[in-house]
Number of protein chains: 2
Amino acid sequence: MALFWVRGYHATSLKDLEAALNMRPGSIYAAFRSKEGLYRAALDLYAGRMQAELRDLALAAPAPLAALQAHLRAIAGQSCGTQRPSSACMLVKALLDHPQEGALRDLVLTHLDGVEQILAEAFARAGEMGELPRGSDPARLARRMQTYVFGLKIQAQRGLAPEAMQRLCDDLAAELGALVPA
Amino acid sequence: MALFWVRGYHATSLKDLEAALNMRPGSIYAAFRSKEGLYRAALDLYAGRMQAELRDLALAAPAPLAALQAHLRAIAGQSCGTQRPSSACMLVKALLDHPQEGALRDLVLTHLDGVEQILAEAFARAGEMGELPRGSDPARLARRMQTYVFGLKIQAQRGLAPEAMQRLCDDLAAELGALVPA
DNA sequence: CCTTTACTTGAGCAATCACTCCATAACTGT
DNA sequence: ACAGTTATGGAGTGATTGCTCAAGTAAAGG
């Protein structure tokens, strides 16, 4: 997963994967039907983790909106540390790597929709708890939030100065905060 | 340029390029030193056009901030029409395609910095014309604007419903509008 | 009109690509 | 311990990759 995440689909060769998995071609093709099959498995793993993380963060929190704000601010920290294979979002990379229609693109779109759905639920809960004005559209807010994350993770990939990155994340998090009724 | 823009660097083969350019390998390698050389030329062309477009839009306009808002809203329209090779930003695609340090990545970063610089100048002008509160940081606003564009163009690539895409663009444009002093 | 220079052509290079195959090693149930 | 089943290893498949170069064509110069 890390290899595909960093290098992307096309730039990752089976020789690289053999080394990373410590498996020989025969075993790889017995386990996953093809290179694409392995990639799909990696995407599923990534999306599963991301969705679980978001669920824990925003659906279990007492103040969902505040949790989402914290999530935005945390992106700044993830860009410096080398703990993560890449600062960018693997789903976005996959989306750009597969611009034409196909089963793989559909898989990516499904995962992106799943994430958006979780965000929408979080915003719905935020509304119920009075963190949002009445009549707010959770789906609309979810798309906006996801757009922020997409943009921020690309900026992170760019290698912006840490303090600039932090300010940027704070700015966008503040916009979410501006939604709170007075 | 269109080919690299749509398919990305690694997924574009020389055979594709030969057909698109109607040139044979020898001529291509005489004109550009390598596949990477041709890619650099395509990136330069793309960035040049994008920067020129932005300059015309935001630096010549009487109300720079309003022009930038209009630019955000216009992204929704660009996602449906098949006029453009791809809805995504070629520079972002290139950035994600070349995650590790190298001359190519440096070129992409330079172009991204160039775009950001133009946006910063536009915000500076907006400040001078009273469209922004005193003490606004043009560079900071430019990064935010660019982050919006990154995110929006990815959403466009995703193939969102046109009305949802339009609402999203309007939402982000409205955020810029919220900067205007009362 | 011939020579010289500049450019294009396309066959073909080594290397790499994703992938297959089957002998062999490693488990499993009896 | 042994037959039956499954998983692995790794050489090797044809196709494709980015790229080179000698031969050929066009353009320019006198």
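Residue numbers start from 1 in every chain, and the chains themselves are labelled A, B, ... in the order their sequence lines are given, proteins ahead of strands.
- Look at CZ on A:R40: it is 18 Å from P on C:dA18, rounded to the nearest Å.
- If you measure from atom CZ of B:R24 to atom C1' of D:dC21, you get 17 Å, rounded to the nearest angstrom.
- In this structure, A:I28 atom CD1 and D:dT8 atom P are separated by 11 Å, rounded to whole Å.
- Backbone-only contact: A:S13 has heavy atoms under 4.0 Å from sugar-phosphate atoms and none from a base.
- Annotation for B:P138 and B:A120: closest pair CB-O, 3.4 Å, computed over non-hydrogen atoms.
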Check against side chain to side chain donor-acceptor pair (under 3.5 Å), B:Q117 and B:D113: CA-CA 6 Å; B:Q117 182 61 31; B:D113 288 344; over 6 Å; no
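- Looking at which nucleotide of DNA chain C each of A:E18 and B:N22 is closest to, the 5′-most match is held by B:N22.
- Rounded to whole Å, the distance from OH on A:Y29 to P on D:dT8 is 16 Å.
- Residue B:H10 contributes atom NE2, which lies 17 Å from atom C1' of C:dA18 at whole-angstrom precision.
- The NZ-P distance, from B:K15 to C:dG12, rounds to 13 Å in whole Å.
- For the pair A:M23 CE and C:dA25 P, the interatomic distance rounds to 19 Å; values are reported in whole Å.
- Of the candidate nucleotides C:dG10, C:dC19, D:dG10, C:dC19 has the atom nearest to the side chain of A:S34.
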Verdict with supporting geometry, A:Y148 and A:E175, side chain to side chain donor-acceptor pair (under 3.5 Å): CA-CA 10 Å; A:Y148 287 171; A:E175 301 208 350; 2.7 Å; yes
A:R33 and A:Y29: CA distance, side-chain angles, deciding distance, side chain to side chain donor-acceptor pair (under 3.5 Å) verdict: CA-CA 5 Å; A:R33 265 169 32 87; A:Y29 279 82; over 6 Å; no
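- Nearest-nucleotide assignment on DNA chain C puts the 5′-proximal partner with B:P25, out of B:P25 and A:P25.
- With rounding to whole Å, B:L14 atom CG is found 14 Å from C:dG10 atom C1'.
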